[in-house]
Number of protein chains: 2
Amino acid sequence: MSPEDFLRLDLQLCFPLYAASRAMVQAYTPLLSKLGLTYPQYLVMLVLWETDGVTVKALGEKLYLDSGTLTPLLKRLETLAFVRRERSKEDARSVRVSLTPQGRALRRKATSIPEAIACRTGLSLEELSRLRRDVLRLFENVSK
Amino acid sequence: MSPEDFLRLDLQLCFPLYAASRAMVQAYTPLLSKLGLTYPQYLVMLVLWETDGVTVKALGEKLYLDSGTLTPLLKRLETLAFVRRERSKEDARSVRVSLTPQGRALRRKATSIPEAIACRTGLSLEELSRLRRDVLRLFENVSK
DNA sequence: TCCAATTCAGTTGCGCGCAATTCAATTGTG
DNA sequence: CACAATTGAATTGCGCGCAACTGAATTGGA
């Protein structure tokens with residue numbers, strides 16, 4: 001295989017990854033729109049449902065997103081009345097994000113989503129878990 | 001495992017995929033910026049290097065992008081003088097995109113990129129090819 | 001042939017992502 | 001203690017993605 005061949009679209013890994021990632025987000029979209037959420041907003045809610053009262057910095061570290069993305073997103077979630085944002089008392093540089101009762105209540109409506117998505121992938125739980133592990137390894141290699 | 005557990009961020013496939021896809025694009029960014037391209041623009045150039053004079057519709061079908069994304073992107077590539085856009089004579093609804101000499105010349109400067117990226121993944125060619133196949137299968141299942 | 005339906009590109013509007021910068025709060029060092 | 005360096009969030013600017021829509025060109029059925 002010549003070095004030229006590596007420029008063939010069909011031989012690259014990134015493009016399928018990029019297309020698959022967008023396709024997965026599209027699969028979530030109709031389910032999430034019932035809750036009034038976008039996919040990145042859903043990711044933030046997943047973190048908050050696990051750990052309420054987290055700072056913007058900690059959110060960014062979990063989701064690999066910066067304040068340029070998170071600040072406006074969190075303002076939209078605040079407008080939707082799913083979260084509150086308030087300056088930390090201990091360190092006035094940081095902002096804590098907490099769930100409102102509505103934000104907490106939203107969790108129940110979201111419980112059916114992961115299984116619905118898992119079905120859409122057409123993969124078994126074992127295949128899903130293996131693929132997640134492989135993609136995670138790729139992510140760790142590439143992002144370091 | 002309870003249905004609640006499926007809402008755990010660390011157990012989902014889409015998030016690693018989403019993070020890995022962005023990380024891969026970030027790995028491309030410094031290499032592509034030397035050529036003056038973004039990653040989606042690079043994808044368009046890959047198609048044109050394989051098949052010059054393609055329509056916007058055909059580009060969209062190969063890259064799974066619509067005219068809302070492609071039209072402004074192609075205008076930027078035209079401003080950069082890498083492509084020309086012209087209404088088709090056979091069917092005036094469609095627009096053909098062709099490489100300029102500069103666009104064609106850019107290919108040589110891009111030849112080293114795929115290998116550099118492959119190295120960054122830390123995976124062997126066999127692992128890369130297997131992962132590409134698995135991700136492609138996921139994409140096909142989810143997008144149909 | 002006519003004209004309704006379809007197709008193709010373009011436009012608008014909005015929400016990310018992310019680089020780069022700003023600004024206030026805090027930390028660490030002499 | 002002073003003050004330079006660092007940190008955390010916000011802001012700005014730009015390029016996607018994509019849904020929804022527009023308008024022109026083409027197609028296909030009555």
Side-chain angles (χ1 to χ4, degrees), chain A residues 14-15 17-30 32-33 36-45 54-80 82-83 85-97 143, chain B residues 14-15 17-30 32-33 36-45 54-61 63-80 83 85-97 143:
Chain A
C14 187
F15 174 61
L17 207 64
Y18 166 79
S21 168
R22 286 187 293 125
M24 289 280 300
V25 170
Q26 293 227 53
Y28 275 95
T29 299
L32 290 177
S33 73
L37 296 176
T38 65
Y39 183 71
Q41 289 166 9
Y42 171 68
L43 291 180
V44 167
M45 296 304 286
V54 77
T55 63
V56 173
K57 178 180 167 57
L59 262 176
E61 280 166 355
K62 279 195 196 269
L63 300 178
Y64 310 102
L65 292 170
D66 69 5
S67 68
T69 300
L70 287 174
T71 297
L73 185 157
L74 291 169
K75 283 182 179 176
R76 284 186 285 272
L77 284 181
E78 194 171 35
T79 302
L80 291 167
F82 293 140
V83 308
R85 299 185 310 133
E86 44 195 352
R87 287 275 157 196
S88 164
K89 287 186 177 73
E90 310 88 69
D91 185 341
R93 286 171 304 181
S94 64
V95 167
R96 289 206 170 277
V97 184
S143 63
Chain B
C14 187
F15 174 61
L17 207 65
Y18 167 78
S21 169
R22 287 186 291 126
M24 290 280 300
V25 170
Q26 292 227 54
Y28 275 95
T29 298
L32 290 176
S33 72
L37 295 176
T38 64
Y39 182 72
Q41 289 166 7
Y42 170 69
L43 291 180
V44 167
M45 296 303 287
V54 78
T55 64
V56 173
K57 177 180 166 56
L59 261 176
E61 280 167 355
L63 300 178
Y64 310 102
L65 292 171
D66 70 6
S67 67
T69 301
L70 287 174
T71 297
L73 185 157
L74 292 168
K75 283 182 178 175
R76 284 186 284 272
L77 283 180
E78 195 171 35
T79 302
L80 291 168
V83 309
R85 298 184 312 134
E86 44 194 354
R87 286 275 155 195
S88 164
K89 287 184 178 72
E90 311 89 67
D91 185 341
R93 286 172 305 181
S94 64
V95 166
R96 289 207 169 277
V97 184
S143 64

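Below, chain A is the first sequence line, B the second, and so on; all start at residue 1.
Look at CG on A:Leu43: it is 17 Å from P on C:dG15, rounded to the nearest Å. Distance CG (A:Leu73) to C1' (C:dC18): 14 Å, rounded to an integer number of Å. With rounding to whole Å, A:Leu80 atom CG is found 12 Å from C:dG15 atom C1'. Rounded to whole angstrom, the span from the CG atom of B:Leu65 across to the P atom of C:dA9 amounts to 13 Å. Atom CZ in A:Arg76 sits about 13 Å away from atom C1' in C:dG13, given to the nearest Å. What separates CD of B:Glu86 from P of C:dG10 is a distance of 12 Å, to the nearest Å. Protein atom NZ of A:Lys89 is 13 Å distant from nucleotide atom P of C:dT26, rounded to whole Å. Separating the CG atom of A:Leu37 from the C1' atom of C:dC16 is a distance of 14 Å, rounded to the nearest angstrom.
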>> Does A:Met24 form a side chain to side chain contact (heavy atoms under 4.5 Å, CB included) with B:Tyr18? I'd like the steps, not just the answer.
In response: CA-CA 9 Å; A:Met24 289 280 300; B:Tyr18 167 78; over 6 Å; no
> Going through the checks in order, is the side chain to side chain contact (heavy atoms under 4.5 Å, CB included) test met by A:Lys62 and A:Leu43?
Replying inline: CA-CA 10 Å; A:Lys62 279 195 196 269; A:Leu43 291 180; over 6 Å; no
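For B:Ser33 (side chain) and B:Pro30 (main-chain N/O), a donor-acceptor pair under 3.5 Å exists by modelled atom type. Under the 3.5 Å distance criterion, the side-chain polar atoms of A:Thr69 are left unmatched by any main-chain donor or acceptor of A:Leu65.
Annotation: side chain to side chain donor-acceptor pair (under 3.5 Å) contacts of A:Arg85 (sequence neighbours excluded): A:Glu78. Legend: residues meeting side chain to side chain contact (heavy atoms under 4.5 Å, CB included) with A:Thr38, ordered by chain and number and at least two apart, are A:Pro40, A:Gln41. Among residues two or more places apart in sequence or in another chain, the side chain to side chain donor-acceptor pair (under 3.5 Å) test is passed with B:Glu61 by B:Lys57. Taking the side chain to side chain contact (heavy atoms under 4.5 Å, CB included) definition, one finds that B:Arg96 meets it with B:Thr55, B:Ser88, B:Glu90, sequence neighbours left out.
Contact check, B:Gln41 against D:dC16: a side-chain N or O comes under 4.0 Å of OP1 or OP2.
Along DNA chain C, the nucleotide nearest A:Ser88 and the nucleotide nearest A:Tyr64 are compared for position; the residue whose nucleotide lies closer to the 5' end is A:Tyr64.
Using cut-offs of 30° and 60° for the angle between ring planes, the B:Phe15 and A:Tyr64 rings count as parallel.
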>> Protein within reach of the bases, or only the backbone? For nucleotides 4-12 of chain D, mark each nucleotide 5' to 3' as B, S or -, using heavy atoms under 4.0 Å.
In response: ---BSBBB-
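Listed candidates were D:dA19, C:dA25, D:dC16. Nearest to the side chain of B:Pro40 is D:dC16.
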Output one line per pair: protein atom, nucleotide atom from nucleotides 1-5 of chain C, and distance, for all N/O pairs under 3.5 Å.
none

